[in-house]
Amino acid sequence: MSAHSSQVPLLETRDLQRAFGHGDHAVRAVERVSFSIQPGEIVAIVGESGSGKTTLARLLLRLLDSTGGRILLRGEDVTDLRRSNDLKAYWRKVQGVFQDPFAAFNQFYTNRRVLENALKLLNHGLPRQEHTQRIEAALREVGLDPADTLDKWPHQLSGGQVQRVMIARALVIGPELLIADEPTSMLDASLRVTVLNLLLALRKQHNMGIIFITHDLGQAYYVSDRILVMYQGELVEQGPVEKVFAMPKHEYTQRLLADVPRLRGA
Ligand SMILES: Nc1ncnc2c1ncn2[C@@H]1O[C@H](COP(=O)(O)OP(=O)(O)OP(=O)(O)O)[C@@H](O)[C@H]1O
Ligand SMILES: [Mg+2]
């Protein structure tokens, strides 16, 4: 039994699809995407704007219904979860971090309230004092001083700090899988590295699986074990990051890689 369960991927999709609209006018944002991620693995999803990355992230987070295919979490089909309690149980295991942390937070909530609300999702009946301990530990883990952070509102922090509060929010919950959709694209270069290193630390400390969405190949290379390339809704290439970068098979991936020096030099 345990030997078997170690073979089961943390998350798997089979021919996952999402179309917007109907008939000839339908946008096929995600088209028959099949991949899996193992516990503790970091998988990057890259692709140009509009290739379906965020739609895929929202499907995986069960924030958006699919129009075809399946999603399995540790072998269990979660595609049709609808009941609030089932979704909450899912979100204890699968959490997201998004591009614009300011938009993700209610601007009228202090960081303390944001993090306490996250703990409520756990529904664990921990004593109040342990709430505080857990929240403070999560903030320290992302490099923030609890005393300096908890009673502030998001707009009193920098973009990088809010992004770290968002990661702390995920940490408080302690998911097995973190889906990070362009978590660094609104940060300046030095904070970007801080957040990337934080993702690497989360994997190391908690064996978290991480899906890291970016259109920056350099960042994908820096953090990921494996890379998936999306093009017009389809997964056109996947493999170990070294291999895909050394020998891109798909024409789109070749073009994407050819663009890197030019973008860097600009
Ligand atoms: N709610 C929606 N209704 C209609 N079309 C949508 C909706 N959400 C996304 N789309 C379309 O689906 C396609 C994929 O969009 P998506 O946001 O997933 O791309 P992306 O790869 O995340 O792009 P970016 O790099 O710009 O974030 C686009 O053509 C987009 O216009
Ligand atoms: Mg996107």
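When a ligand or atom number is given, it counts from 1 through the structure's own listing order.
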Glu176 and His206: side chain to side chain donor-acceptor pair (under 3.5 Å), yes or no, with the steps? CA-CA 8 Å; Glu176 298 174 49; His206 304 277; over 6 Å; no

Under 4.0 Å and counting heavy atoms only, is there anything from the protein next to atom 30 (C) of ligand 1? no

Can you tell me the protein heavy atom closest to atom 26 (O) of ligand 1 and the distance? Ser49 OG, 2.5 Å

Tell me the protein heavy atom at minimum distance from atom 11 (C) of ligand 1, and give that distance in Å. Val27 CG1, 4.0 Å

Does the side chain of Tyr231 pick up a donor-acceptor pair with the side chain of Glu237 at under 3.5 Å? no

Looking at atom 6 (C) of ligand 1, what's its closest protein heavy atom, distance included? Phe20 CD1, 3.3 Å

Heavy-atom contacts with Glu182 under 4.0 Å: which atoms of ligand 1 show up? List them by number with element. 25 (O)

Within 45° of the axis and under 6.0 Å from the centre of the six-membered ring of Tyr252, does NZ or CZ of Arg255 qualify? no

Using only heavy-atom distances, determine whether the side chains of Thr67 and Gln17 contain a donor-acceptor pair under 3.5 Å. no

Checking Asn117 against Lys120: is there a side-chain donor and acceptor pair closer than 3.5 Å? yes

Tell me whether the Mg ion (ligand 2) has Thr54 as a neighbour, meaning an N, O or S atom of it below 2.8 Å. yes

Whether the Tyr222 and Asn197 side chains hold a donor-acceptor pair (N or O, under 3.5 Å, no angle test) is what I'd like checked. yes

Identity of the nearest option to atom 28 (C) of ligand 1, non-hydrogen atoms only, from Ala29, Gly47, Gly50: Gly50

closest protein heavy atom to atom 18 (O) of ligand 1 is Thr55 OG1, 2.6 Å

Take the angle between the ring planes of His155 and Trp153 and call it parallel below 30°, perpendicular above 60°, tilted in between. parallel

Report the part of Thr54 (side chain from C-beta onward, or backbone N, CA, C, O) that has a heavy atom under 4.0 Å from ligand 1; answer both or neither where that applies. both

If I apply the N/O under 3.5 Å rule, does Arg58 come out as touching ligand 1? no

Can you tell me if Asp188 and Ser190 form a side-chain donor-acceptor pair at under 3.5 Å? yes

Around atom 25 (O) of ligand 1, find the nearest protein heavy atom and jot down its residue, atom name and distance. Lys53 NZ, 2.7 Å

Going by the 4.0 angstrom heavy-atom rule, the piece of Glu48 near ligand 1 is backbone

